[in-house]
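Quick note on labels: first sequence line is chain A, next is B, and so on, each numbered from 1.
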Amino acid sequence: MPSEFRLYNTLTRQVEPFAPADGACVRMYTCGPTVYNPAHLGNFRTFLFEDLLRRVLRLRGWSVNQVMNLTDVDDKIIKRANERGLTITQVTNPVIEIFHRDREYLRIERAESYPRATEFIPQMIALVQALVDRGVAYQAEDGSVYFAIDRFPSYGKLSRLDTREVRPGARVSQDEYSKENAQDFALWKAAKEEDERTGAAWDSPWGRGRPGWHLECSAMAMSLLGETLDLHCGGIDLIFPHHEDEIAQSEGATGKQFSRFWCHGAFLLTDGTKMAKRLGNVHTVADLRENAVSAAAVRHFVFSTHYRQELNLSADALEGALNAVRRIGTFARRLEEARGGTPALAEAARIAVESARAALFDDLNAPEALAALHTFIGAANAELDRGGTDESAMQEARRAFALIDGVLDVVPEEVSVEAGLAERVEALLAERKAARARRDFAAADAIRKSLEAEGIAVEDLPTGTRWTKVR
RNA sequence: GGCGCCGUGGCCAAGUGGUAAGGCGGCAGACUGCAAAUCUGCUAUUCGUCGGUUCGAUUCCGACCGGCGCCUCCA
């Protein structure tokens with residue numbers, strides 16, 4: 001199947017054809033979490049977008065080498081470690097564990113590597129050295145090393161911001177470091193007392209210190225993926241300054257293009273505003289689990305809006321996703337159990353795959369892929385109602401569903417059944433069957449109602465009665 | 001102040017210079033002892049407002065109104 005894959009590139013502000021430079025493996029770097037606090041759903045929206053991207057890249061036929069960094073040394077981590085009398089590692093280790101648990105809950109595929117900033121200090125120092133050698137970085141009086149943006153002419157090409165002036169209304173930097181130029185950013189920060197105390201200081205040619213935030217990503221990306229990446233992704237708020245600075249550092253050191261494509265996911269909002277820790281309106285994966293919001297529902301919710309569009313988290317939207325995903329789950333089971341199909345089923349399957357691929361390859365149009373899936377489910381259900389004995393049509397339908405769901409991954413998980421429950425339910429259902437046989441529907445309905453009250457759905461099918469635990 | 005995004009039915013949300021996908025919800029019908037699931041039909045003469053370009057605009061341009069984001073903590 002030919003189909004060109006197209007992706008929006010922040011560098012050019014256009015949707016462009018994309019393919020990996022070597023034609024086979026996409027080398028992508030995705031900015032990961034700063035691990036001082038469990039990541040919130042806003043962070044996960046971005047990670048979900050990246051999960052979608054890597055799955056679509058594979059659907060297109062490429063392999064993927066994804067790196068997601070874990071920023072395990074930074075101001076907030078040091079602050080927290082200091083407050084609690086811990087080392088930064090003692091702060092970050094448990095948070096990293098939570099990150100992976102949340103990641104798995106949301107069915108976000110494991111990236112090929114999760115480098116920790118603290119494990120790449122030598123590479124970072126080498127990068128700073130290269131920049132100093134090339135004359136685009138300097139050590140200031142405070143001992144820190146800064147990148148001199150006016151010695152890097154293309155600075156600003158990604159964000160297209162006029163960095164010359166800081167206007168009224170802009171947040172003003174309260175920098176405690178001394179720099180030549182207000183826009184220069186720290187590559188290497190001279191160690192302070194609390195850095196030493198929390199294990200956040202390393203030896204370097206410029207004295208004890210620690211890496212600047214931007215430096216971490218450049219060093220890890222280039223160490224693990226080479227000097228020119230195919231793709232670099234993150235949240236839209238990283239465009240400036242983080243990604244702009246990464247470009248400056250990396251290209252300033254190598255003279256080569258750092259990343260061919262830059263992709264940014266839009267924000268997740270809560271109550272109409274950005275979800276951010278400092279605004280105190282964050283929701284986490286833990287909140288979702290408490291409210292029995294399945295991963296499938298979250299994915300459906302997130303993928304129902306294009307990744308470059310803001311998305312507002314609301315109870316109504318989540319509820320809608322939960323219901324939609326229930327229909328998908330019912331259909332998935334029905335597909336497994338069906339014996340045969342019809343020619344029209346096969347035709348619907350072909351259309352679904354074609355539409356979903358076209359949508360996904362067109363700048364990750366997940367909402368449209370979801371629509372293709374739903375349209376397929378409607379058509380397939382109608383055909384299945386009609387019966388049919390065509391085995392190959394059935395297989396084609398299963399393949400189509402597996403292919404699309406292999407990207408979206410929106411079938412709700414089965415609710416686990418605790419020991420002993422099955423026997424108890426079966427016993428009650430036997431009683432109910434007897435009641436129905438003697439047409440004592442009041443008794444039969446009472447049993448069904450009591451089971452439903454504890455989260456057991458009872459359905460009478462032509463083939464017999466089936467029960468499922470729904471929560 | 002600079003830069004940028006958005007405004008589509010009750011809710012969520014695609015999309016296109018040629019006459020509005022899909023989901024949720026709701027209503028009616030089929031099926032069922034009744035339900036559930038599923039199916040069928042209905043649910044925006046209209047895409048923030050006002051102008052302009054055009055044979056034709058929701059889609060292009062301009063203004064305005066409303067919401068949001070970035071301008072060195074930030075997914």
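- Side-chain atoms of A:Arg308 stay outside donor-acceptor range of the base of B:C5, with no qualifying N/O pair under 3.5 Å.
- Listed candidates were B:A75, B:U72, B:C39. Nearest to the side chain of A:Arg327 is B:C39.
- Looking at the side chain of A:Asp385, the nearest of the listed nucleotides B:C73, B:C39, B:G33 is B:C39.
- Side-chain atoms of A:Arg448 come within donor-acceptor range of the base of B:A35, with a qualifying N/O pair under 3.5 Å.
- If you check B:G69, B:A13, B:C73 against the side chain of A:Lys76, the one that comes closest is B:C73.
- Distance noted for atom P between B:G23 and B:U43: 15 Å (whole Å).
- Aromatic pair A:His232/A:His242: centroids not less than 6.0 angstrom apart.
- The listed nucleotides are B:C74, B:A14, B:G23; the one nearest the side chain of A:Ala324 is B:G23.
- A donor and an acceptor atom, one from each side chain of A:Trp188 and A:Gln139, are nowhere located under 3.5 Å apart.
- Side-chain polar atoms of A:Asp150 and A:Tyr155 form no donor-acceptor pair below 3.5 angstrom.
- Nearest to the side chain of A:Ala371, among B:A75, B:C70, B:G22, sits B:G22.
- Ring centroid separation for the pair A:Tyr8 and A:Tyr307 does not come in under the 6.0 Å cut-off.
- For A:Arg334 and B:C39, the shortest distance from a side-chain N or O to OP1 or OP2 is not below 4.0 Å.
- For A:Thr330, the side-chain atoms get nearest to B:A37 when compared with the rest of B:A37, B:C24, B:C73.
- For the P atom pair drawn from B:G9 and B:A44, the interatomic distance equals 11 Å after rounding to whole Å.
- Rounded to the nearest Å, the gap between the P atom of B:U40 and that of B:G33 is 22 Å.
- Looking at A:Arg334 and A:Asp385, a side-chain N of the basic residue comes within less than 4.0 Å of a carboxylate O on the acidic one, giving a salt bridge.
- With C1' as the reference atom, B:C3 and B:G10 are 36 Å apart, rounded to whole Å.
- Along RNA chain B, the nucleotide closest to A:Ala321 and the one closest to A:Leu269 are compared, and the more 5′ of them pairs with A:Ala321.
- Distance noted for atom P between B:A20 and B:G2: 40 Å (whole Å).
- Checking A:Glu216, A:Arg116, A:Lys76 one by one against A:Thr71, the side-chain hydrogen bond (donor to acceptor under 3.5 Å, both in side chains) holds for a single residue, A:Glu216.
- An OP1 or OP2 oxygen of B:A14 is reached within less than 4.0 angstrom by no side-chain nitrogen or oxygen of A:Asn365.
- Taking the centre and axis of the six-membered ring of A:Phe47, the NZ or CZ atom of A:Arg103 falls outside the cone set by 45° and 6.0 Å.
- Looking at the side chain of A:Arg436, the nearest of the listed nucleotides B:G23, B:U72, B:C34 is B:C34.
- Ranking B:A75, B:U40, B:C71 by closeness to the A:Phe240 side chain, first place goes to B:C71.
- Residue-level contact check: A:Phe267 touches the bases, meaning some heavy atom is under 4.0 Å from a base atom.
- A distance of about 14 Å separates the P atoms of B:G48 and B:C11, rounded to the whole Å.
- Between A:Met275 and A:Ser314, it is A:Ser314 whose nearest contact on RNA chain B lies nearer the 5' terminus.
- Rounded to whole angstrom, the span from the CG atom of A:Asp74 across to the P atom of B:U72 amounts to 18 Å.
- Within the structure, a side-chain polar atom (N or O) of A:Lys274 is placed less than 4.0 Å from OP1 or OP2 of B:C70.
- The base of B:G69 is not paired with the side chain of A:Asp237 by any donor and acceptor separated by under 3.5 Å.
- Nearest nucleotide to the side chain of A:Asn43, out of B:U72, B:A75, B:C68: B:A75.
- Which of B:A36, B:C68, B:A14 sits closest to the side chain of A:Thr305 comes down to B:A14.
- Distance CD (A:Glu319) to P (B:A13): 16 Å, rounded to an integer number of Å.
- The phosphate of B:G23 has neither OP1 nor OP2 within less than 4.0 Å of any side-chain N or O from A:Asn323.
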